[in-house]
Amino acid sequence: MSSVRVAINGFGTIGKRVARAIQAQPDMSVSGVTKTGPSHGCGLAQRLNLPLYCTSDDLEDIAAFEKGGYNVEGGLSDLLANSDIVIDCAPGKMGQSNHQKYVDAGIKHIFQGGEKHSLTGLSYTSSANHKENIDAKGTRVVSCNTTGLARTLIPLRDATGELSVECTMIRRAADPGDSRKGPINAIAPVLKVPSHHGPDLMTVAGGIGITSLAVAVPTTIMHVHSIVVELPGGHGMTTDSVLDLWAKTPRVISMSGSIDKIPSTAEVMEMARDIGRPWGDLHEIFVWTDGASLDGNTLRYFQAIHQESDVIPENVDAVRALMGMEHDWRASVEITDSSIAASLV
Ligand code: NAD
């Protein structure tokens, strides 16, 4: 199959990362990225040789780019006409109006976790439901939190059977590049109890009953999940066999807080910077081996989520599913991850 042309509508925190991950793939290319108007992000698009378009078709909006000193190829309609699929990376809850534009243009589309499942009626996580997404018209890559839950819980469900899960999400207040959000000196519980975060997993995976609580804390670098899982009776697992299972699971990294000297998210992110991906990203979910314990049927563990990047390779796999390019999720994950790794050397 010839290279699939991928448009990226919205070139912010997620959009710029998705663009670089797509650029690294052998079977797809970036047809263009959009910005709402001139800003430093336009300069990044130019440095990465990404054709730049305006999010609207309004001629005044398009002309503003030239006034700001940036070359622009046209509006969103022009980009969609030159593309096979679009990945929507606009801020959350903008999906409804963008969705209509994609439907009108007759183009396949992928949304992000800031949108509701009902927008497309289909969601995506590689390990959960790649097959269900094959040849679909549109989908939504689930949020960073849901992606993290899927990575560690789906292999457990597959190894043991139906799970009952209670998760507390300790959430970063804002992304590092965001000066608008908080708290900066408070701990803010989400008072809608239970929170919406955990149950979102049920949009991609059956056999996992889950509820969650969430609390925002003054950090920008990661979320931490504190998870309690009731395994089915007769599960036959031990703490070590659970850790072995995760060690064999793609996009999960497990290390010891005490032996590897990685006791908090600060050291996890330093380790991520050592890997050398752009922006110091960590696509993998991080599990502390010495923070996991199975007692009877009850498994307790902590995991850390790099909120800006765990969904990035999932978007690449979602393109392969919707375009019918690879039916096996493990094969897609292998192509995605090895191509990103090769692009770093
Ligand atoms: P962002 O604010 O960093 O970037 C959004 C970009 O879209 C900006 O460049 C903005 O100018 C542009 N934009 C504004 N209006 C637009 C429109 N109508 N059409 C297209 N683009 C438009 O946001 P983000 O953090 O990249 O989030 C994008 C999506 O990804 C959201 O659904 C969010 O919930 C989801 N998500 C974010 C994170 C995270 O940690 N940042 C993690 C997982 C999922």
Side-chain angles (χ1 to χ4, degrees), residues 7-21 32-45 50 52-58 61-62 64-65 68 70 72 75-77 79-80 83 86-102 105 107 109-117 119-120 123-125 139-151 169 171-181 196-197 200 214 216 219-224 265 269 279-283 285 304-315 318:
I8 293 163
N9 190 21
F11 191 63
T13 307
I14 298 298
K16 65 187 177 185
R17 289 171 162 85
V18 170
R20 287 205 67 168
V33 301
T34 69
K35 292 294 289 179
T36 51
S39 71
H40 66 94
C42 301
L44 175 65
L50 295 166
L52 180 63
Y53 291 77
C54 179
T55 46
S56 88
D57 291 332
D58 188 298
D61 291 345
I62 294 171
F65 284 83
Y70 299 106
V72 69
L76 179 65
S77 300
L79 174 59
L80 298 182
S83 308
V86 56
I87 303 184
D88 187 286
C89 299
K93 305 190 178 51
M94 291 204 154
Q96 203 68 47
S97 59
N98 284 352
H99 185 250
Q100 195 53 50
K101 294 176 192 163
Y102 307 149
I107 190 168
H109 41 272
I110 297 171
F111 285 92
Q112 306 304 311
E115 306 301 333
K116 291 208 166 97
H117 174 76
L119 180 66
T120 52
S123 293
Y124 180 88
T125 297
T139 196
R140 172 191 72 131
V141 169
V142 292
S143 73
C144 50
N145 280 308
T146 309
T147 299
L149 291 169
R151 294 259 179 87
M169 319 200 134
R171 305 180 56 225
R172 62 91 177 91
D175 287 336
D178 183 356
S179 61
R180 292 164 303 171
K181 293 185 190 153
H196 72 276
H197 303 90
D200 192 43
T219 181
T220 60
I221 55 176
M222 293 193 105
H223 305 305
V224 167
T265 53
M269 286 317 297
W279 299 285
D281 284 350
L282 186 65
H283 296 161
I285 303 309
I305 315 295
H306 186 222
Q307 78 279 354
E308 297 171 285
S309 75
D310 67 335
V311 299
I312 302 309
E314 303 285 336
N315 274 276

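We count ligands from 1, going down the list as the structure has it; atoms in each ligand are counted the same way. Since this is a predicted model, take the numbers as computed values, not measurements.
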Protein heavy-atom partner closest to [atom] - residue, atom, separation in Å:
| atom | value |
| --- | --- |
| atom 11 (O) of ligand 1 | T36 OG1, 3.7 Å |
| atom 16 (C) of ligand 1 | M94 SD, 3.7 Å |
| atom 38 (C) of ligand 1 | I14 CD1, 3.6 Å |
| atom 19 (N) of ligand 1 | N98 ND2, 3.4 Å |
| atom 33 (C) of ligand 1 | G114 N, 4.0 Å |

Verify ring-ring contact (aromatic ring centres under 6.0 Å, His included) between Y102 and F111, making sure each step is shown before the conclusion.
CA-CA 11 Å; Y102 307 149; F111 285 92; 5.7 Å; yes

Going from [atom1] on [X] to [atom2] on [Y], what distance comes out if it is rounded to the nearest 0.5 angstrom?
| X | Y | atom1 | atom2 | answer |
| --- | --- | --- | --- | --- |
| L52 | C42 | CG | SG | 5.0 Å |
| T13 | D178 | OG1 | CG | 7.5 Å |
| S123 | K116 | OG | NZ | 12.5 Å |
| I62 | T55 | CD1 | OG1 | 9.5 Å |
| D281 | Q307 | CG | CD | 9.5 Å |
| T146 | R151 | OG1 | CZ | 11.5 Å |

Distance filter under 4.0 Å to [X] heavy atoms, resulting ligand 1 atoms:
| X | result |
| --- | --- |
| G92 | 31 (C), 32 (O) |
| Q112 | 29 (C), 30 (O), 32 (O), 35 (C) |
| T55 | 19 (N), 20 (C), 21 (N), 22 (C) |

Is F111 touching ligand 1 with its side chain, its backbone, both, or neither, if touching means heavy atoms under 4.0 Å apart?
neither

Which is it for D200 and R140 under the salt bridge (Lys or Arg N to Asp or Glu O under 4.0 Å) test, yes or no, and what are the steps along the way?
CA-CA 12 Å; D200 192 43; R140 172 191 72 131; 2.8 Å; yes

Intermediate values then yes/no, side chain to side chain donor-acceptor pair (under 3.5 Å), D310 and T147
CA-CA 7 Å; D310 67 335; T147 299; 4.5 Å; no

Looking only at N/O atoms, are [X] and ligand 1 under 3.5 Å apart anywhere?
| X | answer |
| --- | --- |
| R172 | yes |
| Q307 | yes |
| K35 | yes |

Using heavy-atom distances, let me know which of [options] sits nearest [atom].
| atom | options | result |
| --- | --- | --- |
| atom 14 (C) of ligand 1 | C144, A90, P91 | P91 |
| atom 39 (C) of ligand 1 | I8, D175, T13 | D175 |
| atom 6 (C) of ligand 1 | G177, C89, G37 | C89 |
| atom 4 (O) of ligand 1 | G12, G10, S143, G15 | G12 |

Intermediate values then yes/no, salt bridge (Lys or Arg N to Asp or Glu O under 4.0 Å), K16 and E308:
CA-CA 11 Å; K16 65 187 177 185; E308 297 171 285; over 6 Å; no

